[in-house]
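Letters A, B, ... are given to chains in the order of the sequence lines, protein chains preceding strands, and every chain is numbered from 1.
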2 protein chains.
Amino acid sequence: MASTSRADTPQASVWLSRKPVPKRKGDAEGGALDLERIVAATVRLLDAEGLAKFSMRRLAAELGVTAMSVYWYVDTKDDLLEIVLDGINGTMVVPDVSQEDGDWREQLRLLAVEYRKMLSSHTWVTQLLGRYLNIGPSSMAYTNACLAVIRRSGVGEERITGALSAVFQFVYGFCTAEGLFMERCNAAGLTEDEYFKLLMSEVSERYDYEESFKEAVDLMESQSALTREERREQDFGYALDTVIAGIEAMRDR
Amino acid sequence: MASTSRADTPQASVWLSRKPVPKRKGDAEGGALDLERIVAATVRLLDAEGLAKFSMRRLAAELGVTAMSVYWYVDTKDDLLEIVLDGINGTMVVPDVSQEDGDWREQLRLLAVEYRKMLSSHTWVTQLLGRYLNIGPSSMAYTNACLAVIRRSGVGEERITGALSAVFQFVYGFCTAEGLFMERCNAAGLTEDEYFKLLMSEVSERYDYEESFKEAVDLMESQSALTREERREQDFGYALDTVIAGIEAMRDR
DNA sequence: ACCTGAACACCGTTCAAGT
DNA sequence: ACCTGAACACCGTTCAAGT
């Protein structure tokens, strides 16, 4: 009721409530808890155990506190995760985009690589990105840098959002697949190569798959000099170059 | 113990268990339940209420049956969802890719559009795609068609997976964002345009956002002749053309 | 102002029991 | 062979109560 949200619809985003940072310690000097400590512990747990295993009760235990204490600092689990999400977005290094003479291709590439670095060092972020609005201050700074760069590419104004989609939805998709695969490997206690091999061998045990899988398996094994990780890195680079080359080609048509 | 899975690691995929379709009615003619009815009800619920609200108990209620009955046909919730996922993959129309004279650009575009149609008519699919291996029979048929098409593009063998990533991870990312936005609109009981407008007005109420948001808002409003949906359709088309143009450009370098 | 404990309405899944 | 009921170990969150 105290916020700007409508009717009985749940609040669309923490960032739309009155105070810039939702709940804060009034005084300096520490009680046991404060929002910063809660956020830090959340990130630690998410990095270590993944989103699926994260719970408010688990978090409270990590903080050495009762289940409900956290709720004094944060209204809901969703609000907490939204704050954490923007915090992680703030770890991206946004290149200085103000000077007009920089190469937009290089800068766009840099932004994409930075995005990827963030997404693949915190595999749970992709799982939150779509769920929340991601309109916190750090996220907005990043978005605006992307806009500024693509504007200098010479792409027509009405194609700007499409061009940005081609780049950043690709990175998002790529890192989602990558992250979930990595989480699966961790859960199984195997390296990516081991997990992949195990999978392939189990799959080829099933006669009726032999035929349909062969093409895909052959392709994978033709690159067997590289580790899975190196291969992914290569794929990402190729694909990113492809998209940027496409933006250039479409502009020149 | 009866399956090929290792140690205490949970089964990596239903499709790796012995029987092609995990559990099946032995006899013809119907009791109350069977796997087909369960799968159909699951899809119906997921379409109507989304993944977050789906539960085994909710499903059982929908089928007019006790919570645990479903477990006779399916080992876990994950197994059920994996089967459902492949079933939906089977609704894609895979173009005939066998003749060598077709235009690979058109066929690749067709495959991407088909993928998108599937993903955006079942918004919950993107949320499952990363979680499960997606190596069921229907999914494999689609993947193989993609491989066949990209092979005819003339892209070097070691760039094939990168090129495919550029296309399909983009589509995946795009449809994920799209789907989650649509779900949010449905939950709020608003059309996409209404929801977007509401959001923009709430955001601009916050003084400290005014500045950082202006660029993005201006961009959106410069296209205000179109509905959000038409805009998205346009963006998707542009972006897809961009990626395909990029594959061509990279090949010719 | 900050934290606790009990409680509510949910989960997925196990297991012994019914027909 | 198929379905049920009670139970276990979890959730997020509310609310009255403590200090």
Quiz item: So does A/Ser55 get a side-chain nitrogen or oxygen closer than 4.0 Å to the phosphate oxygens (OP1/OP2) of D/dC11?
Solution: yes
Quiz item: Looking at CG of A/Leu119 and OG1 of A/Thr176, how far apart are the two atoms once the value is rounded to the nearest 0.5 Å?
Solution: 7.0 Å
Self-check item: Non-hydrogen atoms of A/Ala12 and B/Tyr195 that approach each other most closely
Solution: CB-OH, 3.6 Å
Quiz item: OP1 or OP2 of D/dC2 less than 4.0 angstrom from a side-chain nitrogen or oxygen of B/Ser69, does that happen here?
Solution: no
Quiz item: Does the side chain of A/Tyr73 get closer than 4.0 angstrom to OP1 or OP2 of C/dC2 through an N or O atom?
Solution: no
Quiz prompt | Considering all heavy atoms, the nearest A/Ile83-A/Trp15 contact | solution = CA-CZ2, 3.9 Å
Quiz item: What is the distance, rounded to the nearest whole Å, between atom CG of A/Asp34 and atom C1' of C/dC3?
Solution: 15 Å
Quiz item: Where is the tightest heavy-atom contact between A/Ala67 and A/Arg57, given as atom of each residue plus distance?
Solution: CB-CG, 4.1 Å
Exercise. Quickly, which of B/Arg232, B/Lys197, B/Arg228 forms a salt bridge (charged side-chain N to carboxylate O under 4.0 Å, His left out) with B/Glu192? Name it, please.
Key: B/Arg232
Practice problem: For A/Gly64 and for B/Arg58, locate the closest nucleotide of DNA chain C by heavy-atom distance; then report the residue assigned to the nucleotide nearer the 5' terminus. | Solution: A/Gly64
Quiz item: Does some side-chain heavy atom of B/Asp79 sit less than 4.5 Å from a side-chain heavy atom of B/Thr76?
Solution: yes
Quiz item: Can a donor-acceptor pair be found between the side chains of B/Thr227 and B/Asp193 at a distance below 3.5 Å?
Solution: no
Self-check item: Minimum heavy-atom distance between B/Ser139 and B/Asn134, given as atom pair plus value
Solution: OG-OD1, 2.8 Å
Restricting to nitrogen or oxygen on both sides, can you table the protein-nucleotides 13-17 of chain C pairs closer than 3.5 Å?
residue : atom : partner : partner atom : Å
C/dT13  : OP2  : B/Tyr71 : OH           : 2.7
C/dT13  : OP2  : B/Lys77 : N            : 2.9

Exercise. For DNA chain D, just give me the dot-bracket, please: Watson-Crick or G-U, both distances below 3.5 Å, ( ) intra-strand, [ ] crossing earlier pairs, | paired with another strand, . unpaired.
Key: ||.|||||...|||||.||
